[in-house]
Structure formats: structure tokens, C-alpha cells
2 protein chains.
Amino acid sequence: MTDAKNAEKDTFDLRNFLPFLLNQAAEESSLEFQRVYKNRYGMLRTEWRVLFHLGIHGEMTAKEIGERAKIHKTKISRAVHRLEKRRYLSRTRDERDRRVERLTLTPAGSAVYRELRGIAESYDAKLAAHFTKGEAALLRMMLRRLAGME
Amino acid sequence: MTDAKNAEKDTFDLRNFLPFLLNQAAEESSLEFQRVYKNRYGMLRTEWRVLFHLGIHGEMTAKEIGERAKIHKTKISRAVHRLEKRRYLSRTRDERDRRVERLTLTPAGSAVYRELRGIAESYDAKLAAHFTKGEAALLRMMLRRLAGME
DNA sequence: GCTTGTTAGTTACAAAATCAACTATTATCC
DNA sequence: GGATAATAGTTGATTTTGTAACTAACAAGC
């Protein structure tokens with residue numbers, strides 16, 4: 001019985017465990033891009049996510065961003081504050097429901113967004129170049145399914 | 001000139017951007033499993049990672065774990081402390097090189113590892129069931145490649 | 001053998017994330 | 001229409017992470 005010795009090898013393979021693989025791939029693939037928005041614009045991850053959502057969808061509320069990106073409202077709130085302080089976004093109260101705030105990028109924020117979007121696009125292409133076109137499309141589809149984004 | 005109005009929609013699709021998809025899929029897929037080691041054993045993510053590495057490979061040093069899992073040494077150090085306090089692992093100085101510490105799971109730690117491994121395996125199967133066998137194998141391969149684990 | 005450089009791991013301090021409680025506003029229901 | 005519940009967003013306290021500087025042990029060059 002090999003049970004007594006607990007410093008033995010085991011047959012479970014972490015290298016095939018999907019949550020682990022997803023995490024490693026996610027971390028590896030966001031590192032390089034992170035350096036850009038971090039070093040060049042002093043932005044945090046949540047901040048560029050908010051920026052991207054606004055850049056893509058135009059006017060949004062904090063809540064909508066949180067739902068789409070699955071980010072907690074306190075993180076959003078703080079990211080919005082920082083982006084506002086840097087004058088990348090502006091907020092206006094919705095007069096129909098004075099609890100909500102409508103967020104939009106300022107021209108400066110839009111400019112940063114466009115620059116980062118360009119970098120993001122070429123970075124995405126670089127990642128996808130690891131695979132054939134069909135494989136890459138399949139990968140995106142599978143990831144969307146795992147993320148519950150179908 | 002659509003440029004003046006910056007609350008317009010954009011053509012960039014975050015839903016196809018690989019770093020974003022990888023992050024969302026990773027987060028979604030680790031949430032359920034996280035609840036198990038968090039609520040049932042009060043463990044943090046780094047702690048179960050260390051536990052798994054020791055469970056799989058037997059005796060290891062902090063440095064080896066950090067290299068394999070790409071975790072920073074300060075995180076490892078703290079995770080090891082907490083696991084030791086909970087008596088899930090024990091350390092012994094390597095007498096040949098007294099800087100290094102050899103880490104192994106205690107019987108209690110091994111028991112927790114085996115329990116979590118079982119849960120991990122069935123959870124992985126559940127995730128993989130979203131796809132055909134061939135797709136799942138391809139997915140693992142692609143993720144390993146993106147993670148630089150080839 | 002002694003200075004200089006490396007390496008394994010720890011610790012202290014700053015930054016960020018999490019969780020719970022809070023304010024202000026709107027919706028519900030009697 | 002007034003009490004109660006729900007919602008958008010904020011704030012403060014606690015926990016966790018990240019960064020840099022640190023200790024202790026070993027290695028290399030001379």
C-alpha cells in the first residue's frame with residue numbers, strides 16, 4: 001500500500017486541469033498588454049476595462065459595465081473616480097432617475113481608447129497567430145461558452 | 001466626420017478579444033471550485049495551488065513551486081506559512097544547502113488534497129462536457145501553448 | 001581565506017481588492 | 001400618501017497582494 005508515504009508522485013495532471021490552464025493562459029496573455037496601459041498611462045486593469053467598455057459601447061452606467069464585465073460595483077466606482085480625475089471620462093446624472101449616472105469618455109479618453117484599441121488588436125492577432133484561422137475561431141467560441149457569454 | 005461625438009458605438013469587439021475572453025473564462029471556471037476550498041477549508045487560491053503541487057509532485061521546495069506555477073516567491077512564502085499553521089504541510093531544512101526548505105504534505109494535508117483532487121477531476125469533466133472529446137483536447141493544447149507550457 | 005556576487009526565503013510598507021455598512025433616490029403596496 | 005423594500009452608487013474597515021529591502025547561506029574569483 002503506497003498510502004503511508006505521502007511524498008509520492010500522483011497521477012493527477014495539473015497541466016490538463018482546465019481552470020488551471022485557463023488561469024495560466026489568461027495571466028500570460030494579459031501580462032504584455034498590461035505593461036502598456038500600466039506603464040504608459042498609469043492605468044489599472046479595472047480602469048482599462050471600464051475605458052474599453054465605454055469606448056466600445058458609448059454611454060453606459062456603472063451598473064451596465066459591471067454586469068457585462070462581471071466586475072464588482074465598488075471596483076467600478078473606484079475605477080470611475082480615477083478615470084474621472086485623469087479626465088478620461090465625464091459623468092452626468094440621469095434626470096429621469098437621479099440614482100444613475102451616465103458615463104462617457106472625454107475626447108482625451110477616446111484618444112487613449114483608440115490608441116489602446118490599436119495595440120489590443122495587433123496583440124490579439126499575435127496571439128491568434130499561434131493557431132490556424134479555424135482553430136482560433138474555435139478557441140474563441142469555446143472560451144465564450146466557458147465564460148457563459150453565449 | 002463621426003469623430004466629434006464620442007459616445008458612438010465602435011466596431012471593436014471585446015467579445016472576440018482573446019485576453020478578455022481568457023480572463024472571463026478563467027474567472028467563471030474557477031469560481032465554483034474556489035467556493036469549495038474557500039468555504040470548506042478556508043484556503044486562498046495560492047494555498048490550494050501550493051497544496052496541489054505538493055500533492056502531485058511530493059516533496060518540493062518553495063522555489064520549484066513558484067517556477068512551475070509562476071507564482072511570486074512572497075506569495076508562496078505566505079501560503080506556506082498558512083498551510084503550515086493549519087498543519088497541512090511540514091518543512092525540513094535541506095542539510096546540504098541550508099538555504100532551502102523541503103516541503104511535504106502532512107497526512108492531514110494529503111487527505112485534503114485527495115478530497116480536492118476528486119472534486120477537481122469531476123469539475124474538470126463537467127467543464128469539458130461542453131465540448132466533444134476532440135474539441136476539449138484541442139482546447140487544452142491551445143491553452144498550454146498560450147500559457148507557454150509546451 | 002576574504003571580498004563580491006547569488007540564491008532561498010522572509011519581512012515591512014504601500015497599493016489594491018474584498019466585504020459590509022452607508023446615502024440618496026425610486027418603486028411597491030397597503 | 002406614507003411606510004417598506006429595492007436599486008445605484010459610495011465609503012470605510014479589513015484582508016490580500018505587490019514591491020523593495022532585508023537576512024542567511026552558499027559560490028566564485030582572486
Side-chain angles (χ1 to χ4, degrees), chain A residues 23-24 26-28 30-32 34-35 37-39 41-51 53-54 57 59-86 89-104, chain B residues 23-24 26-27 30-31 34-35 37-39 41-51 53-54 57 59-86 89-104:
Chain A
N23 262 292
Q24 297 289 107
E27 206 159 306
E28 182 69 25
S30 53
L31 255 172
E32 190 177 334
Q34 180 175 43
R35 269 195 295 276
Y37 60 73
K38 202 165 190 176
N39 297 343
Y41 298 104
M43 273 198 273
L44 261 27
R45 212 156 72 115
T46 309
E47 289 167 51
W48 88 254
R49 282 197 178 191
V50 168
L51 186 94
H53 278 271
L54 290 174
H57 298 108
E59 188 181 84
M60 291 182 90
T61 70
K63 196 198 178 197
E64 286 166 352
I65 297 174
E67 275 165 0
R68 286 207 192 234
K70 286 183 197 141
I71 303 176
H72 194 268
K73 59 182 182 173
T74 61
K75 268 167 99 173
I76 304 263
S77 174
R78 284 166 172 141
V80 166
H81 275 272
R82 280 189 290 238
L83 288 171
E84 191 188 27
K85 200 185 293 178
R86 236 164 262 161
L89 67 77
S90 62
R91 15 174 162 194
T92 50
R93 279 237 169 260
D94 182 335
E95 286 304 330
R96 290 198 200 121
D97 182 344
R98 296 180 40 73
R99 288 170 300 186
V100 331
E101 292 194 316
R102 323 222 126 264
L103 308 170
T104 47
Chain B
N23 261 293
Q24 297 290 106
E27 206 158 307
S30 52
L31 254 171
Q34 180 176 45
R35 269 196 294 278
Y37 60 73
K38 202 165 191 176
N39 296 343
Y41 298 104
M43 274 198 275
L44 261 29
R45 212 157 71 117
T46 310
E47 290 167 50
W48 90 253
R49 282 198 179 191
V50 168
L51 187 94
H53 277 270
L54 290 175
H57 297 108
E59 189 181 86
M60 293 182 88
T61 70
K63 196 199 177 195
E64 285 165 353
I65 298 174
E67 274 165 1
R68 284 207 193 235
K70 285 182 198 145
I71 303 176
H72 194 267
K73 58 182 182 171
T74 62
K75 269 169 100 174
I76 304 263
S77 174
R78 294 194 255 242
V80 166
H81 275 273
R82 282 189 287 238
L83 289 172
E84 191 188 26
K85 199 185 293 177
R86 238 162 260 163
L89 68 75
S90 62
R91 15 174 163 194
T92 51
R93 278 235 169 264
D94 183 335
E95 286 304 331
R96 290 198 201 121
D97 182 345
R98 296 181 41 72
R99 286 171 302 184
V100 331
E101 291 194 316
R102 322 223 126 262
L103 308 170
T104 48

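Lettering follows sequence order; numbering is per chain, from 1. Computed from heavy atoms alone, side chains included, the values below leave out hydrogens, waters and symmetry copies. What you see is a predicted model; the values in this text were computed from it and never measured.
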[X]: which residues meet the side chain to side chain donor-acceptor pair (under 3.5 Å) condition with it, sequence neighbours left out?
X	result
B:E64	none
B:R102	B:E59, B:D94
A:E32	A:K126
B:S77	none

Open item on the list: For DNA chain D, which residues of residues 72-79 of chain B approach it to below 4.0 angstrom with any heavy atom?
Closed with: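 B:H72, B:T74, B:K75, B:R78 - these, ordered by number, are the residues of the stretch whose heavy atoms sit under 4.0 Å from the strand.
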
Quick one: list whatever passes side-chain contact (heavy atoms from CB on, under 4.5 Å) with [X], sequence neighbours left out.
X	answer
A:K38	A:Q34
A:R86	A:M43, A:E47, A:Y88
B:E84	B:L89, B:R91

TODO: Anything under 4.0 Å to a heavy atom of chain B counts; send over the first and last such nucleotide of DNA chain D, read 5' to 3'.
DONE: D:dT16 to D:dC26

- [ ] Go through the steps for A:V50 and A:M60 under the test side-chain contact (heavy atoms from CB on, under 4.5 Å), then give the verdict.
- [x] CA-CA 10 Å; A:V50 168; A:M60 291 182 90; over 6 Å; no

Open item on the list: Using a 4.0 Å cut-off to any heavy atom of chain A, which nucleotides of DNA chain C are the first and last in contact, reading 5' to 3'?
Closed with: C:dA16 to C:dT26

TODO: Take A:K38 and A:E101, find for each the nucleotide of DNA chain D with the closest heavy atom, and name the residue whose nucleotide sits nearer the 5' end.
DONE: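 In this pair, the answer is A:E101.
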
TODO: With sequence neighbours excluded, give me every salt bridge (charged side-chain N to carboxylate O under 4.0 Å, His left out) pair touching residues 72-81 of chain B.
DONE: none

Open item on the list: Within the 4.0 Å heavy-atom criterion, would you say B:R91 contacts the bases, only the backbone, or no part of the nucleic acid?
Closed with: sugar-phosphate

- [ ] Specify the residue among A:R98 and A:R82 whose closest nucleotide of DNA chain C lies further upstream toward the 5′ end.
- [x] A:R82

TODO: Could you tell me which residues satisfy salt bridge (charged side-chain N to carboxylate O under 4.0 Å, His left out) with B:E27, sequence neighbours excluded, listed by chain and number?
DONE: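 Expected list: none.
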
